[in-house]
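Below is one structure, written out as structure tokens; the observations come after it.
As a basis for the values below, the full set of heavy atoms in this structure was taken, side chains included, without hydrogen atoms, waters or symmetry mates.
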Amino acid sequence: MHEIVLKLVGVCRTAKLLTQLHSLTIRTGLLYDTHLAAKLTELYVELLPVHNGRKLFDEIPHPSIYTCNRILQRFCGNKRYEEVLSLFSSTFLFEKPDHFTLLFVLKACSALNALNFGKTIHGLGKKHGNIDSNMFLGSGLIDMYSKCGNMDDALRTFEEYSKPDIVLWTTLVTGYEKNFKPDEALAVFSGMVMTRGVIPDPINLVTVVSACTQLLNLKAGKNIHGFLIRKGYENPLPLFNALLNLYTKTGSIEYAGSLFRIIEEKDVISWSCMISCCAHNGATDRAISLFDEMIYKGVEPNSVCMISALQACEASCNIEKGRKIHELAFQKGLERDILVSTALIDMYMSCCAPNEAIMVFDRMLNKDAVSWFALLCGCVQNGMANKSMQIFCDMMASDIQPDATMMVKILGSCSELGVLQLTCCLHGYVIRGGFISNLFIGASLIECYAKCGSLEEAIEVFERLTDKDVVIWSSMFAGYGIHGQARESIKLFHRMVTDSTVRPNKVTFLSILAACSHAGFVEEGIEFFNMMLNEYQLMPESKHYAIIVDLLGRTGELDKAMCIINQMQSQVGPHVWGALLSACKIHQNAEIGEVAARNLLRLDPDHAGYYILLSNVYAVDGKWDDAAELRSSIKEKELKKITGQSVVKL
DNA sequence: TTAACGTAAC
């Protein structure tokens, strides 16, 4: 009977048969056989991951260490780490564990981040035997310390071994790499090769290449590439993939391409890396054709691969292909992956199809902060300020806490909407969320209040901020500028220069110049422009010139404005010519006006506003024929002037 | 019975 049951247990592969065998052993009293009970327990752990194999294990009268180890090993394999620790604690309280036992328990400690438990195991190992001679235990210990973020103890453990093997070295290098200490990882590796003369193997090099990738150290990676070619390792696919990843992250599309070509048996990771490399380095069409080629060759795409292909569609605004990949992801059941869905949202949003993005979002079963952020940013990007505000509220209602970046985005939408109450509300969130001293958010709040019409609130936010940086000061200058208070803006500028160590930058001067322009402070504006050039040695950009031209234009100094434009070292942008053209209209100078208009139309031939400005110049100068001709060419081109709008809710 | 490695979203 015993023999038969044991044989049946040996071939048992279903949970149903297992429970039948179990009751049989109970009825016949065979469960008291240690060997049989151990076999049954192992089967329980293997076949019924949710079943508590412990219960049966506890019924075994005298389990051997071997049986215990087998159970621990199976628990580890099923990621039931807490049960590993609990089984160990109850069984080995008085028993002496062997090296195998400790190894499985260490694995559980690593996974559970149980540093103190791990330290106890370390002590136990030392007490019970000579762990120094056991490399397996050594790598387990180093791995445990590394995964718990304790590299000091990892190194100390490593140093207890006088002749570490390649695995031990790799474990230490990996520890540094995984703890974001790539410099140390490379230092250990170099010590291993140069001082100790250990020859690296492909697995070791994978970690080293990962460290190079963290450092974006292309040169070291290329050396490893050369080394492995000289060595002629067999099938180092993971290493090839790691190198591909390095080339991808460093934007070395040429190296990636030539490596990719020589990989004989590419797996989905190799394809994903190459697709991602092309998608992020301007070769979007190639990325998409690589994806098609991969599908054609029968390689099963995973979510990572889908995401890379979707990014290629996003970068090239290829919505048609994006939709096809969406369909494929749906068929493969990959749309359920939160990362794929988020990539789909990004893709549709970048392709100006916010409604399709919203549909993807609505279908998502689980939404995390990133997916909400993608949706919110996309709506902002597509000019849907109202919708983005609604999304923000829905997100808060779903108990997702916004982070600082998200707050900056939503404040941007809010300032576009110009609704003061909303700004006050968001200000409340900023305070409750503990973001009040965040300078990025502070600058957004100042801008937001200023644009919503409440300069007082903007000033209050400004004054409360300690450690104001140049952005905060500049935001406040701009705030005054929006409200036409150039005098205050200038006063504040002098306060910044005298009371703080903050040095103005180009944006600072842009804000000040805009304030001067808005209030018609011609002399002061020109003074600041000169200060920027001479005192701070900042090279003005096209935007600064546009304001200066505008200011000179107001006083009718068109020749001087023209002269400044001719001396510009940076490229003359449309705003500069636009400012000149407006001035020409006011001062009825068709000659310079025409120069400005021709340049404008050269830069942006489809801008209806420029045609209208030019026709106005002709009209005030009495050149009615020219004006009429221009107006009809606008009609021919079917250009429409977009009417300017600005809203402030009171 | 036992140890080390690779890809993705903001």
*Between A:Leu243 (CG) and B:dT7 (C1'), how many Å, whole number?*
14 Å

_Within 6.0 angstrom of A:Lys409 NZ, more than 12 heavy atoms from elsewhere_ = no

_I want to know whether A:Phe158 and A:Trp169 have ring centres closer than 6.0 Å._
yes

*Any side-chain hydrogen bond (donor to acceptor under 3.5 Å, both in side chains) involving residues 268-285 of chain A? Give me the pairs, sequence neighbours left out, ordered by first then second residue.*
A:Asn241-A:Ser270, A:Asp267-A:Ser270, A:Ser276-A:His280, A:His280-A:Gln311

*Counting only heavy atoms not in A:Asp362, do more than 12 sit closer than 6.0 Å to its CG atom?*
yes

*Could you tell me whether the side chains of A:Lys219 and A:Asn223 share a donor-acceptor contact shorter than 3.5 Å?*
no

*asked:* So A:Lys178, base contact, sugar-phosphate only, or nothing? Heavy-atom distance under 4.0 Å.
replied: sugar-phosphate

Report all interatomic pairs (protein N or O, nucleotide N or O of nucleotides 2-4 of chain B) with separations under 3.5 Å.
unit_1: B:dA3; atom_1: N1; unit_2: A:Asp165; atom_2: OD2; d: 2.6
unit_1: B:dA3; atom_1: N3; unit_2: A:Ser139; atom_2: OG; d: 3.2
unit_1: B:dA4; atom_1: N1; unit_2: A:Asp201; atom_2: OD2; d: 2.7
unit_1: B:dA4; atom_1: N3; unit_2: A:Thr170; atom_2: OG1; d: 3.3

_A:His122/A:Tyr145 aromatic ring centres below 6.0 Å_ = yes

*Compute the ring centroids of A:Tyr176 and A:Phe189, then answer whether they are less than 6.0 Å apart.*
no

*Over all atoms of both residues, closest heavy-atom pair of A:Gln214 and A:Glu177*: NE2-O, 2.7 Å

*Separation of A:Phe240 atom CZ from B:dT7 atom C1', in whole Å?*
17 Å

Please tabulate the protein-to-nucleotide N/O contacts below 3.5 Å involving nucleotides 8-10 of chain B, giving atom names and distances.
unit_1: B:dA8; atom_1: OP1; unit_2: A:Lys249; atom_2: NZ; d: 2.4

